[in-house]
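This report refers to the structure that appears directly beneath it.
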Amino acid sequence: MTDHNTASHSLVNTYLTEVCGIDPSITELVNDCERELAPLFAELDQRTEYHQLRVLHAFQENRISDVHFGWNTGYGYDDAGRDAVERVFANVFQTEKALVRTNIVNGTHAIALGLLGVLRPGDELLYCTGMPYDTLQSVIGCDPARYQPGDGTLRDLGVSFAYVPLAGNQIDLEALAARIRPETKIVAIQRSMGYGWRNNISVNQIEAVCSLVHALGRDDLYVLVDNCYSEFIDEGEPAAAGADLVCGSLIKNPGGGLALSGGYVCGKAALIDRIAFRLTCPGIGAECGLTYGQTRAILQGLFFAPKVTNGAVKGAMLLGEAARRLGYATCPDAKAKRGDIIQAVRFGDPRALEAFCRGIQEAAPIDSFVTPVAAPMPGYDDDVIMAAGAFVQGASIELSADAPMREPYIAYFQGGLTYEHSKYGVMKALDVLKKEGLLRSVE
């Protein structure tokens with residue numbers, strides 16, 4: 001380390017201690033973890049450069065100009081900006097067509113559009129990554145405790161549901177092959193762990209599923225990928241691996257922290273057309289729909305997304321390594337190959353979980369003075385605690401942590417618009433745990 005770097009490092013450490021009040025032992029722990037992870041961070045930087053070049057090329061190929069930052073009124077006919085955004089997304093995610101709209105309210109909505117737009121009465125939805133997360137269970141209508149007849153779930157519409165459990169963090173291809181039926185029309189893959197405890201589903205695994213499904217030679221059987229939290233991390237894209245539909249949220253990775261709302265569904269053109277009829281209505285489809293001036297934010301956010309996502313992944317790895325050294329169970333392992341921005345830490349104690357979330361909230365630029373409290377959330381059986389002092393409400397590409405208040409009290413950490421902020425969030429959360437006497441001993 002040069003004298004200049006040493007001085008800068010000392011300046012940061014002094015500020016953390018004297019102004020931010022971080023215990024020096026926490027600073028030392030996190031900085032040591034950072035040094036340990038430096039070679040892996042360098043690999044991430046190379047992958048980020050690749051994704052940045054891909055995004056840049058998509059902008060250039062589609063001749064994006066400031067004309068595309070304007071917007072129409074009324075029906076939104078011939079909205080050049082909206083159409084340009086969708087062409088860029090289709091290019092980036094390597095699909096024939098894309099539906100990118102501000103009125104797709106979250107990732108669950110995007111996935112629901114994909115399912116409801118394609119599946120018909122008598123069809124079957126088959127998840128090959130185990131039971132999907134809580135909010136998707138509400139869409140499917142597969143949880144008896146939450147099912148309300150008449151809500152318009154897949155179950156109401158006569159669509160059946162089944163799932164194949166994972167086998168040791170891997171998709172069980174043999175079991176999947178045995179379970180596909182003539183009525184199976186969508187094989188769905190949830191990449192992230194949700195509120196579970198497993199590794200991300202890699203693009204290599206997605207490719208294996210797609211090869212298996214498409215080898216059946218059926219033109220009415222599709223693979224849908226829930227891509228939430230996973231964009232710009234793996235080397236490849238699900239569609240290039242054979243996925244027919246890919247869904248996600250703009251206030252996660254691909255929005256780069258700038259998109260104010262929205263979601264996307266990318267895939268085969270014929271399927272996107274059917275899904276657009278579900279978003280609006282048959283006969284209208286994607287031809288209407290205002291962007292409300294968001295095209296600039298969506299495009300600029302997408303341009304920043306590879307770099308922002310890179311910082312979030314580094315922050316997740318940093319927490320994973322620090323928590324491991326403190327004796328907590330973590331998922332995934334800090335040094336494992338990453339497929340999303342989520343780091344899970346098992347605290348086993350509701351007080352520790354709440355303290356961790358308070359620390360994340362105190363590290364936020366917005367509402368740092370607010371205390372997160374567990375409360376009921378739509379679509380979840382348990383009360384959920386959420387720490388998220390974000391510029392965009394609910395944006396999990398920004399520094400955040402959340403958890404259902406149930407044993408074994410696992411915190412799900414993600415985001416950070418910059419790596420430096422994510423790193424500070426790790427320090428602050430561990431510092432709060434230490435000051436409240438809830439932190440395990442530092443090695």
Side-chain angles (χ1 to χ4, degrees), residues 107-108 127 129-140 142-147 163-170 190-201 226 228-229 316 319-334 336 340-362 370-388 394 396 399-415 425-426 428-442:
T108 298
Y127 262 80
T129 48
M131 182 68 80
Y133 51 75
D134 302 51
T135 55
L136 259 297
Q137 293 178 35
S138 296
V139 171
I140 295 165
C142 59
D143 184 346
R146 288 201 297 265
Y147 174 62
Y163 69 91
V164 176
L166 291 172
N169 273 333
Q170 298 287 318
Q190 177 184 308
R191 294 195 67 185
S192 76
M193 71 177 76
Y195 281 156
W197 187 264
R198 65 163 173 83
N199 292 339
N200 180 273
I201 302 301
D226 169 3
C228 289
Y229 302 101
L319 173 62
E321 178 63 15
R324 182 197 65 80
R325 294 191 187 192
L326 292 166
Y328 295 104
T330 63
C331 185
D333 180 80
D340 61 29
I341 64 172
I342 299 172
Q343 179 63 56
V345 178
R346 182 186 294 156
F347 287 103
D349 180 347
R351 299 171 304 156
L353 174 57
E354 290 169 344
F356 179 85
C357 290
R358 283 198 298 275
I360 296 299
Q361 188 72 38
E362 290 177 14
V370 172
T371 300
V373 176
M377 292 286 290
Y380 295 97
D381 289 333
D382 303 281
D383 286 354
V384 176
I385 186 168
M386 306 192 78
S396 46
L399 181 67
S400 54
D402 51 270
M405 293 303 294
R406 63 189 179 213
E407 293 182 350
Y409 300 106
I410 299 170
Y412 298 88
F413 169 93
Q414 62 271 318
V426 172
K428 187 67 177 176
L430 297 180
D431 186 68
V432 169
L433 282 164
K434 182 177 177 64
K435 287 183 168 66
E436 295 191 11
L438 297 167
L439 185 69
R440 296 180 181 178
S441 298
V442 177

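Computed from heavy atoms alone, side chains included, the values below leave out hydrogens, waters and symmetry copies.
- Minimum heavy-atom separation, Cys357 to Ala387: O-CB, 3.2 Å.
- Thr129 places a side-chain N or O within donor-acceptor distance of the main-chain N or O of Gln190, the cut-off being under 3.5 Å.
- Looking at residues two or more places apart in sequence or on another chain, you find no ring pair (Phe, Tyr, Trp, His ring centres under 6.0 Å) involving Tyr133.
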Where do Leu439 and Tyr328 land on the side-chain contact (heavy atoms from CB on, under 4.5 Å) test, with the steps shown first?
CA-CA 10 Å; Leu439 185 69; Tyr328 295 104; 3.9 Å; yes
Applying side-chain contact (heavy atoms from CB on, under 4.5 Å) to Leu166 and Ile201, what does each step give before you reach the verdict?
CA-CA 10 Å; Leu166 291 172; Ile201 302 301; 4.2 Å; yes
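- When every heavy atom of Met193 is checked against every heavy atom of Ile342, the shortest pair comes out as CE-CG2, 4.3 Å.
- Distance alone, capped at 3.5 Å, places no donor-acceptor pair between the Asp226 side chain and the Arg191 backbone.
- Scored by the side chain to side chain contact (heavy atoms under 4.5 Å, CB included) test, Ala355 finds Arg358, Val432, Leu433, Glu436, Leu438 as partners (sequence neighbours excluded).
- A search for side chain to side chain contact (heavy atoms under 4.5 Å, CB included) contacts involving Met131 returns Gln137, Cys142, Phe161, Tyr163, not counting sequence neighbours.
- Under the side-chain hydrogen bond (donor to acceptor under 3.5 Å, both in side chains) criterion, Asn199 pairs with no residue, sequence neighbours left out.
- Atom-to-atom distance recorded for Asp333:CG and Glu321:CD is 7.5 Å, nearest 0.5 angstrom.
- The two residues Glu354 and Met405 make their nearest non-hydrogen contact at OE2-CE, 3.6 Å.
- Residues forming a ring pair (Phe, Tyr, Trp, His ring centres under 6.0 Å) with Phe356 (at least two apart in sequence, or on another chain): Phe347.
- The side-chain hydrogen bond (donor to acceptor under 3.5 Å, both in side chains) pairs that include a residue from residues 403-412 are Asp382-Arg406, where partners are two or more places apart or lie in different chains.
- Looking only at distances, a side-chain donor or acceptor of Gln343 sits under 3.5 Å from a matching main-chain atom of Cys331.
- Considering all non-hydrogen atoms of both residues, Cys228 and Gly107 come closest at SG-CA, 3.9 Å.
- Annotation for Leu430 and Ala322: closest pair CD1-CB, 3.9 Å, computed over non-hydrogen atoms.
- Among the candidates Asp402, Leu399, Val345, the single residue satisfying the side chain to side chain contact (heavy atoms under 4.5 Å, CB included) test with Phe413 is Leu399.
- The heavy-atom pair separating Ile341 from Ala316 by the smallest distance is O-CB, 3.5 Å.
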